Amino acid sequence: SMSDDAVNRNLDFSPFDPLANLLAVCEVIKSIRTLSWSYAGDIDRAVRKIGQTFYAGRCVLCVRPEFGALEVYEYVEPPTVPILNYLQTVDGQSMLMSCLEQGEDFLPLSKIAREHQSPSFLLDPAAYVYPLRNQTTRRHLAKPGLLILQEPHGLTRWNSRFLESVLVVAEYLAMVIECENLSAIIKNVKKGG
């Protein structure tokens, strides 16, 4: 993960309310738990909930299907510009696949986006990539997706404790998506598919 020095340089330590943060994380996890991952409307609602709970300007969830392009869901808080169309292009998908291959718990998106000539509004304000993996997954194994959160416009920068609290949500998302993928495989096997 990022060195403490890098985090301290990039982030301020504005007042952090651990209890409020814990309640927010629990609220998000409760809403994720009741989702139907086969219904896009539910996934959109979860992405909105995560974005709003963490005061993100942008929240993007990418789910890796068994085959084909990553499925992308985006929530933006104005004046943030939606980038869903870009993320569905060949370049956007290539950038997302690079994000998925990262071994870190989370990292600034700028590290990857610059290599892919991504749109500049992905770099400012700062955005962070969370490859979805549960704690037992080795860092470089295939992951079921990723979460991108971008700081809102004009508020204080996120601090490292805030960013680390999102990890709990990312790990829970990984588990839920992996379970959903497994149950889909089992249903197909039973159908003889």
Side-chain angles (χ1 to χ4, degrees), residues 1-14 16 21 24-25 28 32 46-47 50-51 53-64 69-77 80-81 83-84 86-89 91-153 155-178:
S1 77
M2 291 192 291
S3 75
D4 288 342
D5 287 348
V7 169
N8 292 339
R9 266 201 314 279
N10 295 338
L11 304 160
D12 74 13
F13 282 84
S14 49
F16 179 76
N21 191 261
V25 169
V28 168
I32 294 169
V47 172
I50 294 166
T53 303
F54 287 105
Y55 305 110
R58 177 189 325 278
C59 177
V60 178
L61 174 65
C62 306
V63 182
R64 174 188 247 163
L70 284 158
E71 294 166 22
V72 184
Y73 302 86
E74 181 186 39
Y75 164 79
V76 292
E77 192 67 53
T80 302
V81 181
I83 52 162
L84 191 62
Y86 163 72
L87 294 175
Q88 291 169 332
T89 64
D91 286 347
Q93 289 279 313
S94 166
M95 183 198 75
L96 293 174
M97 289 307 285
S98 295
C99 291
L100 261 182
E101 286 155 16
Q102 298 306 309
E104 287 94 337
D105 289 337
F106 64 91
L107 70 158
L109 182 61
S110 56
K111 282 188 176 178
I112 298 160
R114 285 199 181 94
E115 292 164 25
H116 289 268
Q117 279 86 52
S118 304
S120 59
F121 43 80
L122 258 183
L123 305 174
D124 186 38
Y128 300 89
V129 177
Y130 292 80
L132 302 184
R133 57 186 184 82
N134 61 46
Q135 289 172 314
T136 58
T137 311
R138 285 203 305 281
R139 287 172 184 252
H140 292 287
L141 285 183
K143 300 166 198 75
L146 59 97
L147 184 66
I148 297 172
L149 284 183
Q150 188 164 18
E151 292 179 358
H153 290 267
L155 286 181
T156 52
R157 307 290 304 269
W158 289 341
N159 65 41
S160 61
R161 287 172 291 181
F162 183 93
L163 290 168
E164 282 162 7
S165 68
V166 180
L167 267 178
V168 179
V169 173
E171 285 173 357
Y172 194 77
L173 275 169
M175 187 177 67
V176 171
I177 295 168
E178 283 170 346

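If you're wondering where the values come from, they're calculated on a predicted model, not measured in any experiment.
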request  = Give the minimum heavy-atom separation between Glu77 and Ala56, together with the two atoms involved.
outcome  = CB-O, 3.8 Å
query = Which pair of heavy atoms, one from Leu100 and one from Gly145, lies closest together, and at what distance?
reply = CD2-O, 3.2 Å
inquiry  = Return the CD to CG distance between Glu171 and Asp105, rounded to the nearest 0.5 Å.
reply    = 7.0 Å
ask   = Under the side chain to side chain donor-acceptor pair (under 3.5 Å) test, which residues partner Glu71, sequence neighbours left out?
value = Tyr73
message = So, using side chain to side chain donor-acceptor pair (under 3.5 Å) as the criterion, who are the partners of Glu115 when residues are at least two apart?
response = none
task = State which residues pass side chain to side chain contact (heavy atoms under 4.5 Å, CB included) with Val81; sequence neighbours excluded, sorted by chain then number.
result = Phe121
task = Apply side-chain contact (heavy atoms from CB on, under 4.5 Å) to the pair Ile177 and Val63, showing each step before the final yes or no.
result = CA-CA 8 Å; Ile177 295 168; Val63 182; 3.9 Å; yes
task = Under the side chain to side chain contact (heavy atoms under 4.5 Å, CB included) rule, collect the residues that match up with Thr53, sequence neighbours excluded.
result = Ala24, Val28, Lys49
ask   = Any donor-acceptor pair under 3.5 Å linking the side chain of Glu151 with the backbone of Pro125?
value = no
message = With rounding to the nearest 0.5 angstrom, report the NZ to OG distance, Lys111 to Ser98.
response = 14.0 Å
query = Does Gln93 have any side chain to side chain donor-acceptor pair (under 3.5 Å) partners at least two apart in sequence or in another chain, and if so, which?
reply = none
request  = Could you tell me whether the side chain of Cys59 reaches within less than 4.5 Å of the side chain of Leu147, counting heavy atoms only?
outcome  = yes
query = Any donor-acceptor pair under 3.5 Å linking the side chain of Tyr75 with the backbone of Ala46?
reply = no
message = Just to verify, what does Ser118 make a side chain to side chain donor-acceptor pair (under 3.5 Å) with, not counting sequence neighbours?
response = Tyr86
key: Flag, side chain of Glu74 to backbone of Ile83, donor-acceptor distance under 3.5 Å   = yes
ask   = Rounded to the nearest 0.5 Å, how far apart are CZ of Phe54 and CH2 of Trp158?
value = 8.5 Å
message = What's the separation between atom OG1 in Thr80 and atom NE2 in His153, rounded to the nearest 0.5 Å?
response = 3.5 Å
key: Spacing of CG belonging to Leu163 relative to OH belonging to Tyr130, to within rounding of 0.5 Å   = 4.0 Å
remark   = On a heavy-atom basis, the closest approach of Leu122 and Ala127 is O-CB, 3.7 Å
ask   = Out of curiosity, Glu104 CD to Tyr128 OH, how far, rounded to the nearest 0.5 Å?
value = 14.0 Å
remark   = Only residue of Asp91, Ile148, Val129, Ile112 satisfying side chain to side chain contact (heavy atoms under 4.5 Å, CB included) with Leu96 is Ile148
Sidechain-backbone polar pair: Lys143 side chain, Leu132 backbone, donor-acceptor under 3.5 Å = no
Which atom of Gln150 lies closest to which atom of Leu123, heavy atoms considered = NE2-N, 4.3 Å
